[in-house]
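First comes the structure, then the notes that go with it.
Per chain, numbering begins at 1; letters A, B, ... match sequence-line order. Just so it is clear, the values below take in all heavy atoms, side chains as well, and ignore hydrogens, waters and symmetry mates.
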2 protein chains.
Amino acid sequence: MTDLKTGANLLFLREEEIRQGVELLFYAYRDFTGEPDKILARYGFGRAHHRALYFVGRKPGMSVSELLSILHITKQSLSRVLKQLVDDGFIDQRPGDHDRRQRLLTLTAKGAALERELFVRQRERFSRAYRAAGAEAVNGFRKVLAGLADEPPPALARPPISGK
Amino acid sequence: MTDLKTGANLLFLREEEIRQGVELLFYAYRDFTGEPDKILARYGFGRAHHRALYFVGRKPGMSVSELLSILHITKQSLSRVLKQLVDDGFIDQRPGDHDRRQRLLTLTAKGAALERELFVRQRERFSRAYRAAGAEAVNGFRKVLAGLADEPPPALARPPISGK
DNA sequence: CATATAAGTCAACATGACTGACTTAAAGAC
DNA sequence: GTCTTTAAGTCAGTCATGTTGACTTATATG
């Protein structure tokens, strides 16, 4: 117990601290995704479908390339799940207003309902965690997560809510 | 702008806050795993191999069932990657001291070297994020992540370091 | 001795990712 | 008005990682 503050010991503490973070991130992500997966299976969908539903719901009218740049997957991978979602009536496509090459994506009522069903579970999980940790902790949570990603995550702002 | 504090608006703010958390978690995990994946590809390994290396390195002498209970996958899935790691000399197996049915897992020198190579990248990423966010934020980060997981994550304590 | 447990195995299958090559339609540049 | 680039989709093949189900082997435990 005599070398608690030596450089090597500080380094060890630092590494231990970081490994705890790595593990917490793994456990949180594992359980956070595990719950929706069970619901999706009932529709014959998987995690990839969830991501598409989520982000299209988040920004209605998003283009395919915009979605690709969020997901960081190939268009071949995306087009498979997108095709299923469109064929099954969960997502609508329409040509872009200014650029008619684009296919702008929106959720159908059916798609919005499924997205909501999935989200309420995750919202409940987040609510519990946020409540238990407190407002200050939530701020720290967001700061660190933002720092872990490669770039500042894109705004993803909803188009302004229309009407008065 | 007159109804900023109505119940419906509070609910909207709450949902918006949670969606931001969901997205940050997605982006952080996406980039956090993306980096090691490239290194692993050079060895013909994938993310599943990384997880096994990581947790065996974290608790040397861990049994197969212990690893299974952390990863939440089937033993058939695990045994595939474990077999590769053992065959390629990254992990050693030995029978348990008290229970000879067990196969206790440890990293070989080669395995420890690869685990370290992968970890230093993730450590760098975490260090950056931790530094930028500050000590208080790190505490909040951990609190919220712990709350997001199903159960309090297991201790995962290293066996006490032997010697004098 | 009977049963339960730790681990592994064989087989078949689904999902979601990848590369590479190609097409179509529309936009933008000159 | 042609040329080039871009948005999107398609076809084909491959790989990694997960699943279920059935079964074996060795050892531990009641």
Side-chain angles (χ1 to χ4, degrees), chain A residues 26 29-31 33-34 36-56 61-88 91-105, chain B residues 26 29-31 33-34 36-56 61-88 91-105:
Chain A
F26 170 74
Y29 199 81
R30 179 196 67 185
D31 296 336
T33 53
D37 285 355
K38 291 175 201 157
I39 299 171
L40 289 157
R42 296 204 302 259
Y43 294 83
F45 293 151
R47 201 172 293 179
H49 301 84
H50 187 189
R51 290 183 195 132
L53 282 173
Y54 180 90
F55 285 108
V56 170
M62 165 182 276
S63 71
V64 172
S65 60
E66 204 172 348
L67 186 50
L68 280 173
S69 75
I70 288 175
L71 299 178
H72 286 190
I73 59 175
T74 60
K75 64 176 172 178
Q76 294 92 328
S77 290
L78 177 58
S79 84
R80 198 190 315 111
V81 304
L82 219 44
K83 192 173 189 312
Q84 289 177 273
L85 289 167
V86 169
D87 288 351
D88 295 357
I91 283 186
D92 264 348
Q93 291 176 322
R94 66 165 200 277
D97 303 323
H98 304 298
D99 186 339
R100 296 204 319 275
R101 293 172 304 179
Q102 293 181 326
R103 304 211 189 161
L104 305 186
L105 307 167
Chain B
F26 170 74
Y29 198 81
R30 179 196 68 185
D31 296 335
T33 53
D37 284 356
K38 291 176 202 158
I39 299 170
L40 289 156
R42 296 205 302 260
Y43 294 83
F45 293 151
R47 200 171 294 179
H49 301 84
H50 187 189
R51 289 183 195 131
L53 283 173
Y54 179 91
F55 284 107
V56 171
M62 165 182 276
S63 70
V64 172
S65 60
E66 203 172 350
L67 186 50
L68 279 174
S69 76
I70 288 175
L71 299 177
H72 287 190
I73 58 174
T74 60
K75 65 176 173 178
Q76 294 91 330
S77 290
L78 177 57
S79 83
R80 199 189 308 115
V81 303
L82 220 44
K83 191 174 188 312
Q84 289 177 271
L85 289 166
V86 169
D87 288 351
D88 295 357
I91 284 185
D92 263 348
Q93 290 176 321
R94 66 166 200 277
D97 303 322
H98 305 297
D99 186 339
R100 296 206 319 276
R101 292 172 304 178
Q102 293 182 324
R103 303 211 188 161
L104 304 186
L105 307 168

Task: Rounded distance in Å - CD (B:Q102) to C1' (C:dA4) - done: 15 Å

Task: Position toward the 5' end of DNA chain C (nearest nucleotide), A:H98 or A:G44 - done: A:G44

Open item on the list: Need two values: the first and the last nucleotide of DNA chain D, 5' to 3', having an atom under 4.0 Å from any heavy-atom of chain A.
Closed with: D:dT6 to D:dC11

Open item on the list: Here's a test of your reading of the structure: between A:K75 and B:G46, which maps to the more 5' nucleotide of DNA chain D?
Closed with: A:K75

Open item on the list: If I take atom CG in residue A:L67 and atom C1' in nucleotide C:dA17, what distance separates them, rounded to the nearest angstrom?
Closed with: 15 Å

Open item on the list: What is the distance, to the nearest angstrom, from the CG atom on A:D97 to the P atom on C:dA27?
Closed with: 12 Å

Open item on the list: If the cut-off is 4.0 Å, is A:R51 near the phosphate of C:dA17, judged by side-chain N/O to OP1 or OP2?
Closed with: yes

- [ ] Measure the shortest side-chain to side-chain distance between A:L105 and A:L85 over non-hydrogen atoms and say whether it is less than 4.5 angstrom.
- [x] no

TODO: Look at the rings of A:F45 and A:H49 and say which category their plane angle falls in: under 30° parallel, 30 to 60° tilted, over 60° perpendicular.
DONE: parallel

Open item on the list: On a heavy-atom basis, which atom in A:L82 and which in A:A52 lie closest, and how many Å separate them?
Closed with: CD1-CB, 4.4 Å

Open item on the list: Heavy-atom nearest nucleotide on DNA chain C for A:L78 versus A:D99: which residue maps closer to 5'?
Closed with: A:L78

Open item on the list: Just to be sure I understand the rule, does B:Q93 reach a base, reach only the sugar-phosphate, or reach nothing, if contact means heavy atoms closer than 4.0 Å?
Closed with: sugar-phosphate

Task: Exam field: side chain B:R51 to backbone B:I70, donor-acceptor pair closer than 3.5 Å - done: no

Open item on the list: Measure NE2/A:H50 against P/C:dT15 and give the value in whole Å, please.
Closed with: 17 Å

Open item on the list: Using side-chain heavy atoms (C-beta onward) and a distance below 4.5 Å, is A:H50 in contact with A:T33?
Closed with: no

- [ ] Establish, with yes or no, whether the OP1 or OP2 oxygen of C:dG16 is under 4.0 angstrom from a side-chain nitrogen or oxygen of A:S77.
- [x] no

TODO: May I ask you to evaluate whether B:S65 reaches the phosphate of C:dA7, defined as a side-chain N or O under 4.0 Å from OP1 or OP2?
DONE: yes

Open item on the list: Can you measure B:I73 atom CD1 to C:dG16 atom C1' for me and round it to whole angstrom units?
Closed with: 16 Å

Open item on the list: Looking at the base of C:dG20, is there any donor atom on it, or on the side chain of A:Q76, that sits under 3.5 Å from an acceptor on the other one?
Closed with: yes

Task: Distance-minimising heavy-atom pair for B:R30 and A:S69 - done: NH1-O, 4.3 Å

Task: Rounded distance (Å) that lies between atom P of C:dG16 and atom CG of B:D37 - done: 17 Å

Open item on the list: Can you measure B:K38 atom NZ to C:dC18 atom P for me and round it to whole angstrom units?
Closed with: 12 Å

- [ ] Please name the pair of heavy atoms, one in A:L40 and one in A:G46, separated by the smallest distance, quoted to 0.1 Å.
- [x] CD1-O, 3.4 Å

- [ ] Could you state the atom-to-atom distance from CZ of B:R103 to C1' of C:dA7 in whole Å?
- [x] 6 Å

- [ ] Look at all strands and tell whether A:R47 reaches a base, only sugar-phosphate, or nothing, counting heavy atoms closer than 4.0 Å.
- [x] sugar-phosphate

